[in-house]
Every structure is written in structure tokens, then in C-alpha cells.
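Heads up: the structure comes next, in C-alpha cells.
A, B, ... follow the sequence lines: proteins, then strands. Residue 1 opens every chain.
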Number of protein chains: 2
Amino acid sequence: MSNATNLLQRETHCKDCSLACMCLPISLHADEMDALDRIVKRGRPLRKGDVLFRQGDEFNSIFALRSGAIKTYGLSDEGDEQITGFHLAGELIGMSGMDTERYTVTAVALETTSVCEIPFDNLDELTAVLPQLRKQLMRLMSRELREDQEMMLLLSRKNADQRIATLLINLSARFRARGYSARAFRLAMSRNEIGNYLGLAVETVSRVFTRFQQHGLITAEGKQIEILDYIQLCALAGGQTE
Amino acid sequence: MSNATNLLQRETHCKDCSLACMCLPISLHADEMDALDRIVKRGRPLRKGDVLFRQGDEFNSIFALRSGAIKTYGLSDEGDEQITGFHLAGELIGMSGMDTERYTVTAVALETTSVCEIPFDNLDELTAVLPQLRKQLMRLMSRELREDQEMMLLLSRKNADQRIATLLINLSARFRARGYSARAFRLAMSRNEIGNYLGLAVETVSRVFTRFQQHGLITAEGKQIEILDYIQLCALAGGQTE
DNA sequence: CGTGGCCTTGAACCTAGTCAAGTCTAGTGG
DNA sequence: CCACTAGACTTGACTAGGTTCAAGGCCACG
């Protein structure tokens, strides 16, 4: 509505978006991308701590992250939060709500974050006429299934060291894919959130970070991480206990 | 090809299938169901131990289970199998292969099992013209995402007792949904497979079963299970340690 | 400069894993 | 039909990795 918003909207069409290559528009033609673009809503950025949607809210849209980072969490039976994922630019969230018509998790910004809102009914109609879009939506859901399976493997098979190593390698690869350094980056989430996500106590996370530093695998100053021994960290993440 | 196969095929159209209400054809009209039916292939039943598809095989079809039970597993980095799910009649499997064009898990029959093969390219074309089918396919994927999230919660938050209780309650509900007894049923999987799936050692699974019996929650004779105290088992599965 | 939140460190405890027998069961062949 | 065997299951004793509890340090922000 304001000039600022208009400016923001004008700046960011799918065809100009550097993330298009990993987002929904993959392999759409220019006119198809326009059609997609027309249904996308781009609001003002979220600030750290802002809620994008709440578990139980009516499911109307899925969201593509344009920048920043989001955590999603559900409430466990005891009422405390269980983080189900950390999401970076180019990723789609909210899809698990499709089944029940309500979001199954809450999504909160970990830092200043801008998102594209994609009303699902419109998207659904569009997928009927754009096979490539349909395919990509399916692909993204399928990929999430695969990632969840890897997470299950991590949770049921890996020890604390391996879990943290896996997370670091995973983040590193995702940063690289987005054009950032794979070697040095800043964690958007707290130790507490890492522990919650990986099924570890905060204390354990902390201890593993110190141990990794003592062994010269990484340096960690607060949230600033540098990977020193990528090879060995990979090996750890991969499974074998060195 | 044989008479037997023809008979089998004739017997089982989607519109006659008792599982249609939880499978893909939900809320399709008769003619739409025919269209779906035309692309479905129904082969001879699998016997216990038969492989439906292998991790790494080219992804061409998804499969709907008509009867029996299937386990899916991936190989962990150390090379041993990690079971990612037990699947019963009416469920769809193979969808996580969509992303990579290869199946990400191996699917093996736990008992005599018949499946409907649904070539994905045909299904995809059909979803362009059948909005209800598209919706249902999305829903099923979305549901699987939600179930995976619950599994992650189980693996990162629940102790051995709660895990086993959750599995039993979950199976019980699924049997009920299929018209079988929710109170007494036969497990298709071994203790080993249960442990593998839930991230527990076989010995732990065994101990929990005995403990549950001592506390009068269930009886277990081999794979035959009877739930004696549904309420308390639910409470356990739900989270609180009684 | 003080406060609160986040992070780190230490010590004790506990759950589930591992190792090692031993039992039960289903399937096989004499 | 029964004896035999391999695999599945159970049970006990010990161990280890991670949680919990408790305390103290660090940093950012008012």
C-alpha cells in the first residue's frame, strides 16, 4: 500500500529473483512465470521473532522464503516446542498443512526475513495448466519427504557428535548453494534451538562445539562458525566415528 | 496373462475396492475413477520378502497397497538398513522418489501383499484434468510429511516405553480404520524390525513388551498382540510417563 | 554498571545399548 | 511323526553416552 511496499513489490518479480533456480519457477517460460508472479503476494519483511503462521491456523497459502531464516516447530504432547526444521532462502514452507486444512507447525523468523505468499487455491489452479509447475511442486514436497527421512536416520542412529557434524555440513552446503561461503557462516539459531532440533540437551550441544574446537575441526565464536577440517567433519557426519 | 491374473484384474477395479475411501480415488466420480482405473496395473501378489522396488531403481511408478504390509528402508551411511515406515492396505508408497527420479528407499513385503502400480507419468497427466485427484495426491504427500514430523518427535523426545506404546496405538488405529479389530491384531514385523524402526535395540523392545505385560497393558504371544488397557497405553503414547 | 539471557563447564545419575547366555518357535528332512 | 536346526525372542549383567542439576562466565542492552 505504501510507496515502500510498492517499491518492494516492483523490485521482486520471480523472473528477477536470484532464487528462482531453486524455488517454484524452475523451468517455467517467461509467460508462465508471469502467471505465477501474478498470484504471489509479497508483504513487508518479518523481524526476528515474528510469526508467519501458527500451528492450527487455517491453511490458505504456502510460503517461499526470499531471504532470511525461519524455524518451524510443533507442540509435543507435553506442550513444549519441537523444532521440525530450519529453512533458508529459496525454500518452501507450510506444505504439511495441505492435508488437514490447518498448519501443522508454527513458523517463526529467526532473523529479518522476507517471504512470498502463494495462495494455495490459486497455485492449485495454475498447476492444472502448467505441467512444469506441477512437477516442481511435487518435487519440492518429495524432497522434503526425503530430507525428513534423513532426519529420522540422524535421530535414530547418530550420536551427538555425528548429529552436530551433520547439521554443520548440511548448513554449509545450503549456504554454498545460495552463493555464500561454505567455510564461514553465521548460525541464525541459538544453541538451545540446535539442541531442540537435533534431540540433544543444550549442554551436550555446547560440549560438542568445544570438543570440535579442541580437535581443530571448527572455530566457533558465538554464532559465527568457521569450518577448518571439512573432510573430517564430513566423515563424522557421514557416520564413521573417525 | 494367465486366467488367474485376468480374474484378479477383473475382480479389482477402483470402484469396487473397499479401500477407495482412503486411497487416491477419494471423491472422484464414476467416470473419473474409470480413467484412473485404466492406468493402474495390477500384478500378481508379492510373497513375504519379495522386493517391490529397490533404493536407486529408476522411479516410474508409485504403488497403492491393496492388501498385506510393506516395509520401506534406506541404507544408512554405515550400510545397515534403517526402516522408514510400515505400510498397510490403502496407503501409497514410492512418492519420495519423485524428486530424484530414483527410489530413495527399498520396499519389501512383510507378508503376502498385493499392490496397484500407478505409472507416474500417466498419473501426472491425469491430475491436470482431475482437480480432485490432484488434491488427493497432494493430500497424501502432505499427510506423509506430517507423519514424518510425528516420527521425528517420537525419535527425539520419547523414551522406549513411549515409543512402543505409540507404535501399538498407531497400528491399532490403522487396523480399526481398515475394519479390523483395534484391540487384537497380529504384527507383520519382527521385534528386530520394530527396534530398527523406533531407534531401539531388539533387547529393549523385548524388555518393554514384557514390562507392558507385567503391568497389564497388553498381552503379547509372539506377534499376536492384544491391548488390555487402551487408555493407559494412549496416555503413555501421548507423552506423560503415567 | 547492572541485569537477563545465552552459553559453558563440572559432577552425579540414569536410560538404553552391548555382550553373553539361554529359550522358544517354525520349518526341514529323516 | 519326531528330532534337528536356524533364526527369533527373552533375560541378565555390565557399560557408556547423554541428561539433569547446579554453578559460574560472557555479552548485549538498557
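Within 4.0 Å of A/Ser206, counting heavy atoms only, lies at least one base atom of the nucleic acid. Backbone-only engagement by B/Gly199 is indicated by non-hydrogen atom pairs under 4.0 Å involving sugar-phosphate atoms exclusively.
Both tests do not hold together for B/Arg54 against B/Tyr103: distance to the six-membered ring centre under 6.0 Å, angle to the ring axis within 45°.
In this structure, B/Asn192 places its CG atom 19 Å from P of D/dA6, rounding to the nearest Å. For the pair A/Arg157 CZ and D/dG17 P, the computed distance is 17 Å after rounding to whole Å. For the pair A/Asn159 CG and C/dT18 P, the interatomic distance rounds to 11 Å; values are reported in whole Å. In this structure, the CD atom of A/Glu221 is 20 Å from the P atom of D/dG25, given to the nearest Å. When the P atom of D/dT19 is taken as reference, atom CG of A/Leu198 falls 11 Å away, rounded to whole Å. One can place CZ of B/Phe209 at 19 Å from P of C/dC24, the figure rounded to the nearest angstrom. Across the protein-nucleic acid pair, B/Lys223 atom NZ and D/dC9 atom P stand 5 Å apart, rounded to whole Å. For B/Arg211 and C/dT15, the CZ to P distance is 9 Å, given to the nearest whole Å.
Paired with A/Lys71 under the rule salt bridge (Lys or Arg N to Asp or Glu O under 4.0 Å), one option of A/Glu91, A/Glu111, A/Glu81 passes, and it is A/Glu81.
Of the listed nucleotides (C/dA16, D/dC9, C/dT18), D/dC9 has the atom at the smallest distance from the side chain of B/Ser190. Among the nucleotides D/dC9, C/dA16, D/dT20, the one closest to any side-chain atom of B/Thr204 is C/dA16. Set against D/dT10, D/dT19, C/dA16, the side chain of B/Leu200 has C/dA16 as its closest nucleotide.
The closest side-chain heavy-atom distance from B/Gln82 to B/Leu75 is not below 4.5 Å.
The environment of A/Lys223 atom NZ is dense: over 12 non-hydrogen atoms of other residues, nucleotides or ligands sit within 6.0 angstrom.
Taking side-chain N and O atoms only, A/Thr210 has a distance below 4.0 Å to OP1 or OP2 of C/dT9.
The structure places CG of B/Leu187 at 4.5 Å from CD1 of B/Ile225, a figure rounded to the nearest 0.5 Å.
With hydrogens and angles ignored, a donor-acceptor pair under 3.5 angstrom links the side chain of A/Glu203 to the base of D/dC21. Counting atom types as modelled, A/Arg207 pairs no side-chain N or O with a base atom of D/dG17 as donor and acceptor under 3.5 Å.
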